[in-house]
Number of protein chains: 2
Amino acid sequence: MNFQQLEYVLAVHRTKHFGKAAESCNITQATLSAMIKKLEEELSIQIFDRSRHPIQTTDDGILLLKKAEDILAKQQELFHLGQMDTGEMMGEIRLGVIPTVANSLLALFLPSLLEQHPKLKLIISEITTDEILYQLAHNQIDFGILSTPIEELSEAYEEQILYYEAMMVYGIESSDKGFVSSKDVENKKVWLLEEGHCFRSQSMTLCKIREKKEQTENLQFKSNSFETLLNLSDQMGGLTLVPELYYNNLSAKRKSKTQFFQKPIPVREISLLAIKPISKKRSMQKLAELIQEIVTPQLKTAAFKNRDLNIIGI
Amino acid sequence: MNFQQLEYVLAVHRTKHFGKAAESCNITQATLSAMIKKLEEELSIQIFDRSRHPIQTTDDGILLLKKAEDILAKQQELFHLGQMDTGEMMGEIRLGVIPTVANSLLALFLPSLLEQHPKLKLIISEITTDEILYQLAHNQIDFGILSTPIEELSEAYEEQILYYEAMMVYGIESSDKGFVSSKDVENKKVWLLEEGHCFRSQSMTLCKIREKKEQTENLQFKSNSFETLLNLSDQMGGLTLVPELYYNNLSAKRKSKTQFFQKPIPVREISLLAIKPISKKRSMQKLAELIQEIVTPQLKTAAFKNRDLNIIGI
DNA sequence: AACTTTGATAGATAAAATCTATAATGAATT
DNA sequence: AATTCATTATAGATTTTATCTATCAAAGTT
C-alpha cells in the first residue's frame, strides 16, 4: 500500500471513470488500473464495481475512502510541517475567502505566491463568513480570509490580522476638504451589499443608518458585487462604500468620485483564520507574511497610525 | 513519502539507534539511514539530532511522530477492512487480556490463531480491567478480553460475549454428591486474588463473605496468581476458586480436590471488548469466532442450559 | 454488424528501495 | 595524542516497484 494508490482510489470515486481519474492523477490509465487492482488484492476487498455504469464504489470501498481521506489529509499536514525552514511552501492549501475580499485581494497576491512556490497547490473557494467558519470547523478548508473581529468567535479559532483597509465613499460630490465626514453621508441614499456578504452590517454601523430605518427602505435591495453597486450609484444617485483595495482597481473617472473619510478613518480589519490545532501552522505564518508584504505597499491606510483608524466590526 | 519511511522514523525514535531500528524493521542500517535522510529532505525538516547521544528527536520530529502514528494507525485499519471476505486476518492487532483469563486462555487459542493467520501480528499485554478500559479509550489497544458485565460501562464500548466459564471450588473435601453447595463453602477460610485482579470482588459476592467480614481478616492477603492460591490452600487449608479453563490444566491430584458447584452453577462471563467506532470490526468478529470454536469444546459449562448458570459479575 | 468506449493485460522502461561493502564521524580508551 | 570502538553516512550493484506504450477484451451504441 502506498499514498498514491489511495489518491488513485479517491480520483476514481470522484470521476467514476478510470481514464479521467488517471488523467487527473497525471498517470496513464494502464498504471491506474494496475495500482487499483494491486490495492484491492493487498486488502482482499473489491473497491469498485466495474460492471455497473457509471462505476460504483462498493460498500467496502466507501469505508476505505473515508480512511484514505483521513490518511491523505494527515499526509498533507506532514508536508506543511517544515516549510518555514526553507521558506518554500509545498503541498496543498485549501483557502476560503469572502467575496468582498476575494475580488481585489486574490489578484494581488496569487501571481507571486504561485510563482515563488511552484510546489504549492492552492484550492480557493469564494464563500461567506459563516461558510468559512463552518468549513474550518469541518476540516473542509485549511484557512479563511475574512473581516474581523467576529462576534463571539470560539476559542477554537486562531486569528492573524493581515491588514487594515480604509472604507471609502463612492458617489460623493467632490468636497474641497478632500475628505468626507460622517455628516456628509447622513441622509443620503446608500447602496449596500446583500446580507450574508458580511460587508453590509459593517456599513450600516458606520453610516448610522440603523437608527433611521424608515428613510432607508431601499436598503432591501440585494446586490452581490461592488460593480453593481457602483453602477447603481452612477445611474440613480446615492452613495456606496468601497474598500481601498477595490478602489485601487477603479478607472480614473470612478476614482475621482471616490473619497476617503476624514480621520479617524473607518477601516475594516482583514484576517487569516484557522482552526486549532493548526495543522499547517508554518504555512499560515508564511502565507500571512507574503500577503502582508504584497498588500501593505498598496494601501495608503498602512501609513496611518492606529489612533487615526476606526475599526468597524460586525 | 511512503508508509515505510514513517515506520522507520517511529523505530528510530523508539530505539534511539539507527542500527537497532533497522533490525526491528528488518532492513539494513544503510537503507534505514538513506530512507530517513530522504524523508528529511522531502519535508525539509531535521527529524533527528544525530550529534547527541543517544539520538534525540527534534521538536519538528516530535510533531511529525504524532502525525505519523495517526497515519500508520489508520493504515492498519485499512488492512483490517477486508479480512472477513477471505477469512484470513492480517495486519496488527493489539490485545489486552486480564491476568486471570490470560494464563489459561492464551495458550489455548494462540497456536492455531498464529498458524492459521501468518500475516497477522499480535501484540498482547496482560493488564487489569481498568487498564483495558483506559487503553481502549486511548487507542493504545484494539481489543480487550475481560470478565463482564462491567458496571456502568459507557455506550462507547462494544461488547461481544465469548464464553461462560464455571467457577470451581478447590480444596474441598470430596463430597458424595460430586457437587458443592454454597452451604459447604460457608464459614470456610477462602483465599482470593488481590484487588485489581477483577476476580476478587466476584468471588466475594459468590461466597457471601462480605456479610461476615470479621471472620475473614485473612482476606487481606494479596496474591497475583492462582498458583499461589492453590499452594496456600494446600498448605494452610481453606478454599479457593478457580475457573474451569484453569482447572483443565491442573494435575490429576489437584483436579481431584476440585469440584463444580451444584446448579445453578456460578459462572463468569468472558467478553471481547472494543471501542466505537470499531476500526477493526471484521477482525473482532473473526477473532471472537475463532476463540469460541477453540474454547467451547474445552468447557463442560458450554453444555449447560442458561437456566442452570448463575452469572456472577463485578 | 460495425463502431466506440472503457477497463484489463503484456512487455519494456524508468524509478525506487534495498543490499553489500566501506568510509567518515565522534566518543571512549589507552 | 593516538588508538579503538561504536555509530551513522555514502557508493555502487541489485532487486523490486511504478509507470509507460501498445494492444486486447468486453460492453454499450449506432
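No experiment lies behind these values; they were computed from the predicted model shown. Chain naming here is simple, since letters A, B, ... match the order of the sequence lines and numbering starts at 1 in each.
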Nearest-neighbour nucleotide for the F18(A) side chain, dA9(D), dG7(C), dT9(C) considered: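 Shortest atom-to-atom distance from the side chain points to dG7(C).
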Given dA18(D), dG7(C), dT18(C), the nucleotide with the shortest approach to the side chain of Q5(A): dA18(D)
Could you state the [atom1]-[atom2] distance from [X] to [N], rounded to the nearest angstrom?
X	N	atom1	atom2	answer
K16(B)	dA6(D)	NZ	C1'	19 Å
I47(A)	dG7(C)	CD1	C1'	15 Å
Q56(A)	dG7(C)	CD	C1'	17 Å
L39(B)	dA16(C)	CG	C1'	15 Å
M35(B)	dT17(D)	CE	C1'	13 Å
F48(A)	dA8(C)	CZ	P	11 Å
I36(B)	dT18(C)	CD1	C1'	15 Å
E41(A)	dT17(D)	CD	P	13 Å

Least distance between heavy atoms, A68(A) atom then L10(A) atom: CB-CD1, 3.9 Å
Shortest non-hydrogen contact between G91(A) and H80(A), atoms and distance: C-NE2, 3.8 Å
Sugar-phosphate only, base, or nothing, as touched by L32(A) at under 4.0 Å among non-hydrogen atoms: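 Touches nothing.
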Sugar-phosphate only, base, or nothing, as touched by Y8(A) at under 4.0 Å among non-hydrogen atoms: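 Contact class for Y8(A): sugar-phosphate only.
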Determine: side-chain N/O of [X] to OP1/OP2 of [N], distance under 4.0 Å, yes or no.
X	N	answer
K37(A)	dT9(C)	yes
H17(B)	dT8(D)	yes
R50(A)	dA8(C)	yes
S33(B)	dT8(D)	no
T31(A)	dC20(D)	yes
T28(B)	dT18(C)	no
N2(B)	dA17(C)	yes
K38(A)	dA18(D)	yes
K20(A)	dT6(C)	no

Any donor-acceptor N/O pair under 3.5 Å between dA8(C) base and Q29(A) side chain: yes
Short N-O contact, R50(A) and E40(A), less than 4.0 angstrom: yes
Salt bridge D60(B)-R282(A), side-chain N to carboxylate O under 4.0 Å: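 Result for this pair is yes, salt bridge flagged.
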Check: I71(B) and F3(B) side chains under 4.5 Å, non-hydrogen atoms: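 SC-SC contact between F3(B) and I71(B) confirmed.
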Pairwise 5' ranking along DNA chain D for A34(A) and S51(A), keeping only the more 5' one: A34(A)
Upstream residue (5' side of DNA chain D) when G19(B) and Q4(A) are each assigned their closest nucleotide: G19(B)
Spatial distance of atom NZ (K66(B)) from atom CG (L78(A)) [nearest 0.5 Å]: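 Here the rounded value is 13.5 Å.
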